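In what follows, a structure is listed as C-alpha cells, so that the remarks can point back to it.
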Amino acid sequence: MLEKSYDPASAEARLYDAWEKSGAFQPSDAPGAEPYTIVIPPPNVTGSLHMGHALNNTLQDALVRFERMRGKSVLWQPGTDHAGIATQMVVERQLQERQQPSRREMGREKFVERVWEWKAESGGTIFRQLRRLGASCDWSRERFTMDEGLSAAVRKVFVQLHREGLIYRDKRLVNWDPKFETAISDLEVENTEVDGHFWHFKYPLENGETYEFPIAFDEEGNATEWETRDYISIATTRPETMLGDGAVAVHPSDKRYAPIVGKRCLLPLADRYIPIITDDYPDPDFGSGAVKITGAHDFNDYKVAKKHDIKLYELMDTKARMLDADYIPEKYRGLDRYEARKEIVADIDARGLLIKVEDKKIMQPFGDRSGVVIEPMLTDQWYVDAETLARRAISAVEDGETRFVPENWTKTYFQWMRNIEPWCVSRQLWWGHQIPAWYGPDGHCFVAETEEEARKDAIARYTAEGYTLEEVDKMVRGEGEGPLLTRDEDVLDTWFSSALWPFSTLGWPEKTPTLKKHYPTTTLVTAFDIIFFWVARMMMMGLHFMKDEKGHPVAPFRDVYIHALVLDEKGQKMSKSKGNVIDPLLLIDKYGADALRFTLAAQAAQGRNIRLSEARVEGYRNFGTKLWNAARFCEMNECVVDPSFDPASTKEALNKWIVHEANGCAREVTEALEAYRFNDAAGAIYKFTWNVFCDWYVELSKPLLFDGGEAVKSETRKTAAWALDHILKLLHPFMPFISEELWGSLARRDGMLIKAQWPAFDARLSSDEAAAEMNWTINLISAIRSIRTEINAPAGAKVPLVAVALGEQEKARLAAHGDIVSRLARLSVIDHAREAPKGAVQIVHDGAVFALPLEGVIDIGAEKARLEKEIAKAADEIARIDKKLANESFVAKAPAEVVEEQRARREDYAAQGEKFKAALARLKDL
RNA sequence: GGGCGCAUAGCUCAGUGGUAGAGCGCCACCUUGACAUGGUGGAGGCCCGUGGUUCGAUACCACGUGCGCCCACCA
C-alpha cells in the first residue's frame with residue numbers, strides 16, 4: 001500500500017542507490033545501440049552545487065534519461081576541474097585564517113601537497129550533491145583534470161602544439177594580476193566603469209622653446225587667437241605611469257603641434273627628455289590631442305612604442321609596487337602604484353605643471369577572481385596561436401557539423417572567434433599542470449613530455465653544437481650538484497586542460513574503445529558565459545587533435561545547447577555579496593529533488609533567463625503529490641499493470657479516449673525533448689497528468705470502476721494502470737524519483753523505470769471518435785457546472801436536467817455517459833423533452849439545448865440578463881465574421897480552409913444565438 | 001563603438017499570420033468514497049508605440065521608446 005503522501009527524503013537516497021547498483025548509469029552494450037554521449041561541464045573540484053549547476057545538470061539528466069529509455073547506449077561522463085586560481089586562492093585563504101605559514105613560506109612542494117589534501121577532503125562534495133539532484137552520470141568513469149591520464153593528455157597536447165609552432169614563448173604586454181602575481185588571459189579581465197580622474201600635465205619643451213598654440217577659432221575653423229606656449233599639454237588617467245613615458249605622440253594632421261614635432265620635451269620628475277612624434281593613434285579632438293606613450297604599461301601605447309622603436313620602461317614589480325630602477329626617482333621606489341600616483345600628482349603640482357584635474361568615468365580592468373585592478377606588464381609568457389586553431393573551429397560551425405541551440409549563439413561564437421587574440425596560457429601559480437619545458441644553462445628551452453626526453457634533446461643539441469661529451473654531461477646532468485636542466489616554474493591556464501575534456505576523459509591519447517564509441521559527443525549542455533572560455537577552446541583542440549579514419553578533423557559535439565542563467569525572483573544575478581543566493585540543496589531538502597528539477601525544466605525556455613521563485617517549486621511539489629494520489633486511487637481500485645494488455649484493444653469510449661490522449665502526449669514530449677524545448681516537454685506531461693488524467697479520466701472512470709460490469713471494470717482497471725505507467729515513463733526524465741517509486745510500487749515486475757522503454761507515438765492508439773465523444777461529455781459537464789455557479793445553485797444540491805430535442809448522436813452520447821454527467825454535475829435526474837420547461841435555465845451546448853427546470857429558485861431577471869449577454873456576444877462574433885466574409889479580397893485570397901472555417905464558425909454562432917433567443921422568449925411571460 | 005536579447009493577465013513567463021494561454025496571486029463556493037500539497041466556478045489583457053508587408057499582424061519587417069546582457073585599447 002502506498003503511504004498517504006510521498007516522502008522524498010526517505011525515497012531519494014534509496015532509489016538512487018538502486019539505480020547505481022543496477023548499472024543503469026553505464027552505457028549499455030546492447031548490439032546496435034546508437035551511442036549517446038554528454039560530457040559534463042566539470043565543476044570545480046572543491047566547489048559545491050549552486051543553482052546554475054542544478055539547472056545545467058537537470059537538463060543533461062533529462063536528456064540522458066530520455067535517450068537511455070529510447071534504447072541508446074548512453075554515456076554521461078562526469079568529472080571535476082582543478083580550477084587553478086580559484087582553488088589555490090581558497091587554500092591560501094585557509095592558511096591565512098588558520099594563521100599557518102603562507103604559501104611562499106611553505107614552498108611549492110608542501111603547498112601543492114596541501115592543496116591535494118584539501119581536494120581529498122572536499123572533492124567529493126559536488127558529486128554527492130549531484131547525486132542528490134538525481135544526476136545519472138557514469139560514476140565509474142569519474143575523471144579529474146589533474147589525474148594521471150588527463151595530465152598525460154595535457155603534456156602531449158602542449159608538446160605537439162609547440163612542435164607545430166602553435167605554442168610559443170614571447171615577451172609582450174600581458175594582463176597582470178598583482179594580487180595573485182600571475183598573468184591572466186583577456187577573458188579573465190572584467191572591464192568596469194568607475195569614477196576616475198583625468199589629470200592634465202605640462203611637459204616643458206627642451207631648451208625653453210616656444211610655439212604659438214591656437215586657442216580660438218572662427219566658423220570655418222581658422223584660428224583667430226593664439227597663445228605662446230613653452231610646453232606640450234598631455235592628459236592621463238594614470239599619472240603614476242608618466243615615469244615610464246618614452247615619447248609624446250600627436251596626430252600627423254594636427255597643425256597645432258606641427259611646429260614642435262620632432263623636438264623633445266622634458267619628462268618632469270624623471271628629468272629625461274623624450275621625443276614628440278606623430279602617429280595615427282592620437283585623436284586630435286580628444287583631450288589636448290597629445291598622448292603620452294608609456295609602452296610598458298598600456299596596451300595601446302605598447303603598439304605605438306613598438307612601431308616607433310621607443311624605449312619601454314618597466315615601472316612595477318609583481319605586486320605593482322614601483323621598481324627599484326635607475327630611471328625612477330628614489331623617492332617613489334617601493335611605493336604602491338596608488339601611493340606613487342598621489343606623490344607624483346603632488347610633485348607635478350608643486351612644480352607648477354598641473355594644469356587641471358577633471359572627474360571622468362573610466363573603464364578599468366579588474367581580475368575576475370582577485371577583484372584588483374589589472375596592470376599591463378611586460379613579461380615572458382607562453383601563448384597559443386589561437387587564430388590558427390580558430391579557423392577550423394569556425395568552419396565546423398559554418399558547415400553545420402556543430403550547431404548551437406538556440407541558433408543565435410552562433411553569431412556570438414563567430415564574433416569572438418573571428419577576432420581572437422593569442423591565448424596566454426602560462427600562469428605564475430603552483431596549483432595546476434606544470435609546463436613541460438626545461439631550460440639549459442645557456443637558457444635554451446627544451447619542450448618535452450618528460451624530463452628524460454628533455455634531457456635527450458638537450459644532449460643531442462649540445463653535442464651537435466660541438467661540446468665534448470664531458471661538457472654536455474655537466475650541462476645537462478650537473479654531476480653531483482643536481483640537474484642543471486631547470487623546469488619552467490609556471491603552470492597552465494585551467495582552461496587548457498578543460499579544452500581537452502571531450503576526448504581526454506574518454507581515454508585519449510590512448511585509443512580506447514570508449515573514445516572510438518563516444519567521440520564525437522552528441523550534445524554539450526552549458527551556459528553562455530563560458531562559450532569563449534570553454535566551448536570555443538574545446539572546438540579548437542578537438543578539431544586539431546581528433547581525426548576520423550580518413551584523417552578529417554572531427555568536432556567534439558554535434559549540438560551545443562546553451563541554456564539560461566538562473567536569476568533570483570527579481571531578475572538579479574545571484575551572488576554571495578548580494579545575499580540573494582538560493583541554495584538548491586535547501587530546496588531539495590524542503591520540496592524534493594523532483595520539484596526543483598521540474599521547476600527548472602519547466603522554465604528552461606530557449607533564450608530567456610530563469611527567475612527562480614520558491615512558490616513555483618512548491619507548485620511542482622504539489623504536482624508530485626497530485627500524481628501520487630492518483631496512483632493511490634489506482635491502487636485502491638485494483639488497477640494493476642497487465643503486460644499482455646493491448647491499449648489499442650479497448651472498447652469503452654472513455655478508455656479509448658485516455659489512450660488517445662496519452663499517445664498524443666508521448667508525441668509532444670518526445671518532439672519537444674528532441675528539439676531541446678524542455679519547457680514544452682515539461683508542460684505537456686504536466687498538463688496531461690493533471691488536467692487530463694487526474695481531473696477527468698479518474699473522475700470519469702469512477703462509475704465504471706465502482707458500478708460497471710466485470711468486463712468493463714477489468715478493461716478500465718487495465719487502461720488506468722497502463723495510462724499511469726505511461727505518465728511515469730514520460731515524467732521520468734524530469735521527476736525521476738517519484739516516478740521510479742510509483743513504478744516500483746504499482747506492480748510486481750522486473751526492472752526499474754530508468755531502464756524501461758520510452759513510449760513512442762503509435763498511430764493505432766489514436767481515436768478521433770472517442771476524443772470527440774468524451775470532449776462532448778466533458779464540455780457538457782463543465783457547462784452545467786458553470787451555470788450552476790452562475791445561478792447560485794448550492795454546491796451540494798442535486799438538480800434535474802432536461803435534454804431538449806437532442807439529435808441521434810447526442811442522445812447516444814448522453815445515454816452512454818449520463819451516469820457520469822449526473823455524478824460530476826450533481827444532477828438528480830435526466831429527462832428528455834421536445835421543449836424546455838417554462839422558467840428553466842437553458843444551456844446551449846454544442847448546438848443542443850439543456851435545461852435546468854428550477855422555476856421559483858432562480859432569479860428570472862438575472863437569467864434574462866445572462867441570456868441577453870450571450871445573445872449579444874454571439875451577435876458580436878457574427879458581425880466580426882461577416883465583416884471578414886464581406887471583404888472580397890479575403891474570400892478571394894485567403895486559403896479555402898480558412899474561409900470555410902469562418903463560415904462554419906458563423907453558423908455555430910448563429911445557431912447558438914437562435915437557441916439563446918428562444919430561451920429568452922420562453923422566459924418572456926415570467 | 002560593435003553584437004545579442006527582452007517588452008503579452010496583478011506577478012513570473014509560454015505562445016501563434018485567422019478564436020490569447022499557464023503557474024502563482026485574487027474572488028466565490030465546496031471536509032463529494034485518490035488528493036485541502038485538494039476540488040468547482042469566476043474576475044482580470046488597446047499582446048510597448050508608430051509605420052510598413054498582408055485579404056488579415058500580438059506574431060513578419062523598419063523605426064522609435066524603455067530595460068537587460070556580451071564584446072571593445074579613446075589616452
Side-chain angles (χ1 to χ4, degrees), chain A residues 2 4-6 186-187 191 198 234-238 241 249 281-283 285-294 298-303 362-363 365 376 406 408-409 411-412 414-416 419 528-529 531-532 565 569-571 573 591 595 599 602-603 605 607-613 615-616 618-637 677 679-680 683 686-687 691 694-695 698-699 702 706 781-782 785-790 792-796 823-826 877 880-881 884 887-895 897-899 901-902 905:
Chain A
L2 289 172
K4 188 109 200 222
S5 69
Y6 169 64
D186 299 344
L187 286 176
N191 291 300
F198 206 31
I234 61 94
T236 179
T237 57
R238 302 206 49 203
T241 64
Y281 166 58
D283 174 358
D285 298 325
F286 185 80
S288 68
V291 182
K292 67 195 255 315
I293 301 299
T294 320
D298 182 283
F299 286 98
N300 292 310
D301 294 4
Y302 180 73
K303 279 183 205 155
I362 54 172
M363 290 299 272
N408 58 294
W409 291 108
K411 227 169 175 170
T412 307
F414 282 148
Q415 197 190 322
W416 190 68
N419 297 293
F528 65 81
D529 52 348
I531 291 180
F532 305 146
L565 256 33
E569 266 174 296
K570 293 172 203 145
K573 217 168 173 171
Y591 301 104
T599 307
Q603 291 198 91
R608 196 190 261 272
N609 288 335
I610 295 177
R611 295 195 194 186
L612 189 74
S613 77
R616 196 124 181 199
E618 192 182 346
Y620 291 120
R621 186 272 318 266
N622 295 352
F623 171 67
T625 308
K626 185 76 182 171
L627 173 66
W628 183 264
N629 280 295
R632 285 181 71 220
F633 171 83
C634 289
E635 186 186 46
M636 287 171 185
N637 289 286
R677 286 184 286 106
N679 57 321
D680 288 343
Y686 180 93
K687 218 170 169 169
N691 304 117
C694 293
D695 286 352
V698 166
E699 293 306 327
K702 283 176 181 173
F706 297 165
I781 293 167
S782 296
R785 281 171 170 173
S786 174
I787 290 295
R788 287 182 59 117
T789 305
E790 236 170 300
N792 291 319
R823 185 186 178 94
L824 297 186
R826 309 224 110 223
E877 288 293 335
R880 251 176 66 188
I881 297 169
K884 252 186 193 174
N887 182 344
E888 279 172 34
S889 41
F890 170 70
V891 179
K893 292 187 182 171
E897 312 92 81
V898 173
V899 178
E901 198 187 317
Q902 294 296 324
R905 283 188 64 212

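Quick note: numbers below take in every heavy atom, side chains included, and nothing from hydrogens, waters or symmetry partners. What you see is a predicted model; the values in this text were computed from it and never measured. First the proteins, then the strands, lettered A, B, ... as listed; each starts at 1.
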- prompt: In terms of side-chain heavy atoms of A:Arg632, which of B:C55, B:A34, B:U37 is nearest?
  reply: B:A34
- request: Please tell me which of the listed nucleotides, B:G33, B:C35, B:C69, lies nearest to the side chain of A:Phe528?
  value: B:C69
- prompt: Considering only the P atoms, how many Å lie between B:G49 and B:A7, rounded to the nearest integer?
  reply: 13 Å
- prompt: Donor-acceptor pair under 3.5 Å: do we get one between A:Arg611's side chain and the base of B:U12?
  reply: no
statement: Rounded to whole Å, CZ of A:Phe532 lies from P of B:C71 at a distance of 7 Å
message: Just checking A:Tyr686 against A:Tyr620, ring centres under 6.0 Å apart?
response: yes
field: Residue A:Thr789, side-chain heavy atoms: nucleotide from B:G18, B:A72, B:G41 that is nearest
entry: B:G41
query: Taking atom P in both B:A22 and B:G41, what distance in whole Å separates the two?
result: 12 Å
message: Base, sugar-phosphate or nothing for A:Lys702? Non-hydrogen atoms, less than 4.0 Å.
response: base
- request: Can you figure out which of B:A34, B:A14, B:U12 approaches the side chain of A:Arg616 most closely?
  value: B:U12
message: Need to verify one output field. Residue with the more 5' nearest nucleotide on RNA chain B, A:Gly619 or A:Asn792?
response: A:Gly619
query: According to a strict under-4.0 Å criterion, is A:Lys626 in side-chain N/O contact with OP1 or OP2 of B:G39?
result: yes
- prompt: Looking only at atom types and distance, does a side-chain atom of A:Gln902 sit under 3.5 Å from a main-chain N or O of A:Lys884, one as donor and one as acceptor?
  reply: no
task: Quick one: label A:Tyr620 by what it contacts on the DNA or RNA (base, sugar-phosphate, nothing), any heavy atom closer than 4.0 Å.
output: nothing
task: Kindly assign one of parallel, tilted or perpendicular to the pair A:Phe532 and A:Trp416, based on the angle between their ring planes and the thresholds 30° and 60°.
output: parallel
- prompt: Looking only at atom C1', what distance separates B:G10 and B:G25, rounded to whole Å?
  reply: 7 Å
message: Is there a side-chain contact between A:Leu627 and A:Tyr6 in this structure, where contact means two heavy atoms from C-beta onward sitting under 4.5 Å apart?
response: no
- line: A:Leu824 CG to B:A34 P, in whole Å, measures 12 Å
task: Report yes if a side-chain nitrogen or oxygen of A:Asn622 is closer than 4.0 Å to either non-bridging phosphate oxygen (OP1 or OP2) of B:G38; otherwise report no.
output: yes
message: How many whole angstroms separate atom CZ of A:Phe414 from atom C1' of B:C71?
response: 17 Å
task: May I ask you to say what A:Phe286 touches in the nucleic acid, namely base, sugar-phosphate or nothing, with a heavy-atom cut-off under 4.0 Å?
output: base
- prompt: Is there a donor-acceptor contact under 3.5 Å from the side chain of A:Arg677 to the main chain of A:Ala605?
  reply: no
query: Any sub-3.5 Å donor-acceptor pair from A:Thr599's side-chain atoms to A:Ala595's backbone N or O?
result: yes
message: Less than 4.0 angstrom between a side-chain N/O of A:Ser786 and OP1 or OP2 of B:G42, yes or no?
response: yes
- request: First locate atom CG of A:Asn609, then atom CG of A:Leu565, and finally report the distance between them rounded to the nearest 0.5 Å.
  value: 5.0 Å
- prompt: What is the distance from CH2 of A:Trp628 to C1' of B:C35, rounded to the nearest Å?
  reply: 13 Å
field: Of the listed nucleotides B:G18, B:C55, B:A72, the one nearest the side chain of A:Met363
entry: B:A72
- request: Nearest whole angstrom, please: distance from the P of B:C24 to the CZ of A:Phe623.
  value: 12 Å
- request: Quote, to the nearest angstrom, the P distance that separates B:C4 from B:G45.
  value: 36 Å
message: From C-beta outward on A:Ala630, which listed nucleotide comes closest to its side chain: B:U19, B:A34, B:U37?
response: B:A34
- request: Answer yes or no: side-chain N or O of A:Glu699 and base N or O of B:A34 forming a donor-acceptor pair under 3.5 Å.
  value: yes
- prompt: Out of B:A75, B:C73, B:U40, which has the shortest distance to the side chain of A:Asn300?
  reply: B:C73
- request: Quick one: label A:Pro794 by what it contacts on the DNA or RNA (base, sugar-phosphate, nothing), any heavy atom closer than 4.0 Å.
  value: nothing
- prompt: How close or far is atom P of B:A75 from atom CD1 of A:Ile362, stated in whole angstroms?
  reply: 7 Å
query: From A:Asn300 CG over to A:Ile293 CD1, what is the distance, rounded to the nearest 0.5 angstrom?
result: 8.5 Å
Rounded distance in Å - CD (A:Gln603) to C1' (B:C24): 11 Å
- request: Indicate yes or no for a side-chain donor-acceptor contact from A:Arg785 to the backbone of A:Leu824 under 3.5 Å, with no hydrogens or angles considered.
  value: yes
- request: Drop me the distance from A:Asn629's CG to A:Asn622's CG, to the nearest 0.5 angstrom.
  value: 11.0 Å
task: Describe the nucleic acid contact of A:Glu635 in one word from base, sugar-phosphate, nothing, applying a heavy-atom distance below 4.0 Å.
output: nothing
statement: Stems in RNA chain B, runs of 3 or more consecutive Watson-Crick or G-U wobble pairs with both distances under 3.5 Å, sorted by first number, are B:1-7 with B:65-71, B:10-13 with B:21-24, B:26-30 with B:38-42, B:48-52 with B:60-64
- request: Assign A:Cys634 to base, sugar-phosphate, or nothing according to its heavy-atom contacts below 4.0 angstrom with the strands shown.
  value: nothing
Nucleotides 2-4 of chain B: which of its N/O atoms have a protein N/O under 3.5 Å away?
from	atom 1	to	atom 2	distance (Å)
B:G3	O2'	A:Gln415	OE1	3.2
B:C4	OP1	A:Lys411	NZ	2.6

field: Derivation and outcome, side chain to side chain contact (heavy atoms under 4.5 Å, CB included), residues A:Phe286 and A:Val291
entry: CA-CA 10 Å; A:Phe286 185 80; A:Val291 182; over 6 Å; no
- request: Quote, to the nearest angstrom, the C1' distance that separates B:G21 from B:C55.
  value: 27 Å
query: Any idea which of B:U37, B:C30, B:C55 is nearest the A:Ala795 side chain?
result: B:C30
- request: Establish, with yes or no, whether the OP1 or OP2 oxygen of B:U19 is under 4.0 angstrom from a side-chain nitrogen or oxygen of A:Arg880.
  value: yes
message: Can you tell me if A:Lys884 touches the phosphate of B:U19, counting only side-chain N or O atoms and a distance under 4.0 Å to OP1 or OP2?
response: yes
task: Can you tell me, in whole Å, how much space there is between the C1' of B:U37 and that of B:G17?
output: 42 Å
message: Tell me whether A:Arg788 contacts the main-chain N or O of A:Arg826 through its side chain, where contact means a donor paired with an acceptor under 3.5 Å.
response: yes
- prompt: Rounded to whole angstrom units, what separation is found between the CG atom of A:Asn691 and the P atom of B:G38?
  reply: 13 Å
query: Checking all strands, does A:Asp283 fall into the base, sugar-phosphate, or nothing category for heavy-atom contacts under 4.0 angstrom?
result: base
message: Quick check on B:U32: is either OP1 or OP2 less than 4.0 Å from any side-chain nitrogen or oxygen of A:Arg823?
response: no
task: Quick one: pull up CD in A:Glu901 and CZ in A:Arg905 and give me the separation to the nearest 0.5 Å.
output: 7.5 Å
query: Starting at the 5' end of RNA chain B and moving along, which residue's nearest nucleotide shows up first, A:Tyr281 or A:Lys4?
result: A:Lys4
query: Is A:Arg905 touching bases, backbone alone, or none of the nucleic acid, heavy atoms closer than 4.0 Å?
result: base
Within-4.5 Å side-chain heavy-atom neighbours: A:Ile362 and A:Phe198: no
statement: Closest of B:G39, B:A75, B:G41 to the A:Arg785 side chain is B:G41
query: P atom, B:C61 versus B:A43: distance in rounded Å?
result: 35 Å
